[in-house]
Amino acid sequence: QVQLVESGGGLVQAGGSLRLSCAASGRAASMIFVGWFRQPPGKEREFVAAVTMSYGTTYYADSVKGRFTVSRDNAKNTVYLQMKSLNAEDTAVYYCAGRTNYDLARSDREYDYWGQGTQVTVSS
């Protein structure tokens, strides 16, 4: 099993930045991808970004491309989501998730492990 714990959420003004962290423990080496998802108030959970743990290849949703950067530190078993130029539409609970399959997936149903989520609120 893999345990994932997110941190770094909070309240930020529009135009500001935040960095989220996702710390993995347990069988973290079994994860091929770590993805970030978010669930805005009253909406479904959506894909934000993903990174391969081996090569660090990154993938982004169009809505965050150029503003968010996903990275990993294998020595710390931690994945980061650096978020810049935040706006009110970025307000959501952010989750990290681990996938043990070798194919990229943008659906939350395709991920095997989940963190508890961290709230990001952007004030306008």
Testing Arg99, Arg45, Arg38 for salt bridge (Lys or Arg N to Asp or Glu O under 4.0 Å) with Asp108, which one passes? Arg45
Between [X] and [Y], is any pair of side-chain heavy atoms under 4.5 Å apart?
{"X": "Leu4", "Y": "Tyr95", "value": "no"}
{"X": "Met83", "Y": "Thr69", "value": "no"}
{"X": "Pro40", "Y": "Glu89", "value": "no"}

What's the verdict on side-chain contact (heavy atoms from CB on, under 4.5 Å) for Asn87 and Arg67, showing C-alpha distance, side-chain angles and the deciding distance? CA-CA 10 Å; Asn87 57 61; Arg67 299 188 300 123; 3.6 Å; yes
Point-to-point distance, once rounded to the nearest 0.5 Å, from [atom1] of [X] to [atom2] of [Y]:
{"X": "Phe33", "Y": "Thr100", "atom1": "CZ", "atom2": "OG1", "value": "11.0 Å"}
{"X": "Ser124", "Y": "Gln13", "atom1": "OG", "atom2": "CD", "value": "10.0 Å"}
{"X": "Leu86", "Y": "Leu18", "atom1": "CG", "atom2": "CG", "value": "6.0 Å"}
{"X": "Ser7", "Y": "Tyr80", "atom1": "OG", "atom2": "OH", "value": "9.0 Å"}
{"X": "Thr91", "Y": "Leu11", "atom1": "OG1", "atom2": "CG", "value": "8.5 Å"}
{"X": "Ile32", "Y": "Asp103", "atom1": "CD1", "atom2": "CG", "value": "10.5 Å"}

Using the rule that Ile, Leu, Val, Met, Phe, Trp and Tyr join whenever any side-chain heavy atoms are under 4.5 Å apart, tell me whether [X] and [Y] fall into a single cluster.
{"X": "Val51", "Y": "Tyr55", "value": "no"}
{"X": "Met31", "Y": "Trp36", "value": "yes"}
{"X": "Val122", "Y": "Val93", "value": "no"}

Just list the side-chain donor-acceptor pairs under 3.5 Å for residues 72-79, sequence neighbours left out, or say none.
{"from": "Arg72", "atom 1": "NE", "to": "Thr52", "atom 2": "O", "distance (Å)": "3.4"}
{"from": "Arg72", "atom 1": "NE", "to": "Met53", "atom 2": "O", "distance (Å)": "3.2"}
{"from": "Arg72", "atom 1": "NH2", "to": "Ser54", "atom 2": "O", "distance (Å)": "2.9"}
{"from": "Asp73", "atom 1": "OD1", "to": "Ala75", "atom 2": "N", "distance (Å)": "3.1"}
{"from": "Asp73", "atom 1": "OD1", "to": "Lys76", "atom 2": "N", "distance (Å)": "3.3"}
{"from": "Asn74", "atom 1": "ND2", "to": "Met53", "atom 2": "O", "distance (Å)": "2.8"}
{"from": "Thr78", "atom 1": "OG1", "to": "Lys76", "atom 2": "O", "distance (Å)": "2.9"}

Does the pair Phe37 and Phe47 meet the rule for a ring pair (Phe, Tyr, Trp, His ring centres under 6.0 Å), with working shown? CA-CA 5 Å; Phe37 289 79; Phe47 173 81; 5.7 Å; yes
Candidate pair Tyr113 and Gln1, rule side-chain contact (heavy atoms from CB on, under 4.5 Å), full reasoning: CA-CA 8 Å; Tyr113 306 106; Gln1 293 295 315; 3.6 Å; yes
Does Tyr60 reach the main-chain N or O of Val70 with its side chain, forming a donor-acceptor pair under 3.5 Å? yes
Donor-acceptor contact present, side-chain Tyr111 to main-chain Ala105, <3.5 Å: yes
Which residues share a side chain to side chain contact (heavy atoms under 4.5 Å, CB included) with Ala29, sequence neighbours left out: none
Applying side-chain contact (heavy atoms from CB on, under 4.5 Å) to Val2 and Ser30, what does each step give before you reach the verdict? CA-CA 8 Å; Val2 176; Ser30 67; 3.7 Å; yes
Which heavy atom of Ser17 sits nearest a heavy atom of Ser85, and at what distance? OG-N, 4.5 Å
Show me the donor-acceptor pairs, under 3.5 Å and distance only, between side chains in residues 114-121 and residues at least two apart or in other chains.
{"from": "Gln116", "atom 1": "NE2", "to": "Glu6", "atom 2": "O", "distance (Å)": "3.3"}
{"from": "Thr118", "atom 1": "OG1", "to": "Gly9", "atom 2": "N", "distance (Å)": "3.2"}
{"from": "Gln119", "atom 1": "NE2", "to": "Ala92", "atom 2": "O", "distance (Å)": "3.4"}
{"from": "Gln119", "atom 1": "NE2", "to": "Thr121", "atom 2": "OG1", "distance (Å)": "3.3"}

